[in-house]
Enquirer: 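Just dropping this structure here.
Along the sequence shown, residues are numbered consecutively beginning with 1.
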Amino acid sequence: MQGYKDELYHWGIKGMKWGVRRYQNKNGTLTAAGKKHYRGDGNAGEDAGQVEYAPKRSGKKAEDYSDEELRARINRLQMEKQYRDLQGQTNIRVDDPNKELKAEKERLQLQKDVKQLRNDVYGGKSFVKQVMSDAGKQVLTKATAGVMSYGAKKFVSDVLGNPELANAVVNGSAAKQDQQKKDDQK
């Protein structure tokens, strides 16, 4: 026999018999070992038969369950979900036939949530940036106007020697005084 490096050969486990069931007869009934194994007789312990679990999904609709069975089923599913949440796992059951699709859906939802958070953060950042820019422009405009009016007042009062004219120029009352003089002459 010729062996290749990229092939894997497997002949089973030593002592393993194909098609042999330890606990079941060919017709599906349990053997003595099967009864002992499944019913908790013998070494399985006294409490083995007393543990009750929620029934596995049998494909029934919610209407097919009794109230007690439905409560037990819902309680079990909620506890499993809480357990997975606490463990940081996904909320997809292991036996779910659509687990790959649900995992992809969860991944896409997380991406959408992250994108929304980024938009919210960057939107707030740009808003704050715009407010600060506008406030800075207003402060600089008022400061520049104040400096220029102070300089004009100082120039007119010191160089030209007319403080009344300086006050009128800064306050904008020179035009008002001219208008009053014209009104008085009439």
Enquirer: Any idea which heavy atoms bring Ser157 and Pro163 closest together, and the distance?
Expert: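 Heavy atoms only, the tightest pair is CB-CA, 4.2 Å.
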Enquirer: Quick check for you: to the nearest 0.5 Å, what is the distance between Asn75 atom CG and Leu70 atom CG?
Expert: 11.0 Å
Enquirer: Rounded to the nearest 0.5 Å, what separates atom CD in Gln138 from atom OG in Ser133?
Expert: 10.0 Å
Enquirer: Taking Gln116 as the fixed residue, which of Asp120, Asp113, Asn119 is the one that meets the side chain to side chain donor-acceptor pair (under 3.5 Å) rule?
Expert: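 Answer after filtering Asp120, Asp113, Asn119: Asp120.
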Enquirer: Once salt bridge (Lys or Arg N to Asp or Glu O under 4.0 Å) is applied, what residue pairs with a partner in residues 122-143 remain, sequence neighbours excluded?
Expert: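 For residues 122-143: none.
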Enquirer: Not counting sequence neighbours, which residues clear side-chain contact (heavy atoms from CB on, under 4.5 Å) with Lys105? List them please.
Expert: none
Enquirer: Check whether Phe155 and Leu165 end up in the same hydrophobic cluster, where Ile, Leu, Val, Met, Phe, Trp and Tyr are linked by side-chain heavy atoms less than 4.5 Å apart.
Expert: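 Shared cluster, yes.
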Enquirer: In Å, rounded to the nearest 0.5 Å, how long is the span from CD of Glu106 to CD of Gln109?
Expert: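 Answer rounded to 0.5 Å: 9.5 Å.
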Enquirer: Would Met79 end up clustered with Tyr83 when hydrophobic side chains under 4.5 Å apart are linked, directly or stepwise?
Expert: no
Enquirer: For a 4.5 angstrom cut-off between non-hydrogen side-chain atoms, does Met148 reach Thr144?
Expert: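 Yes; the side chains approach each other to less than 4.5 Å.
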Enquirer: In Å and rounded to the nearest 0.5 Å, what is the CZ to OG distance from Arg71 to Ser66?
Expert: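 These two atoms lie 8.5 Å from each other.
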Enquirer: Going by the rule side-chain contact (heavy atoms from CB on, under 4.5 Å), which residues pair with Arg107 if we only count those two or more places apart in sequence or in a different chain?
Expert: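 For Arg107, the residues satisfying side-chain contact (heavy atoms from CB on, under 4.5 Å) (neighbours in sequence not counted) are Glu104, Gln111.
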Enquirer: With side chains defined as the heavy atoms from C-beta onward, is the minimum distance between Glu80 and Arg76 less than 4.5 Å?
Expert: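 Of all side-chain heavy-atom pairs linking Arg76 with Glu80, at least one is under 4.5 Å.
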Enquirer: For the atom pair OG1 (Thr29) and NZ (Lys35), what is the distance rounded to the nearest 0.5 Å?
Expert: 7.5 Å
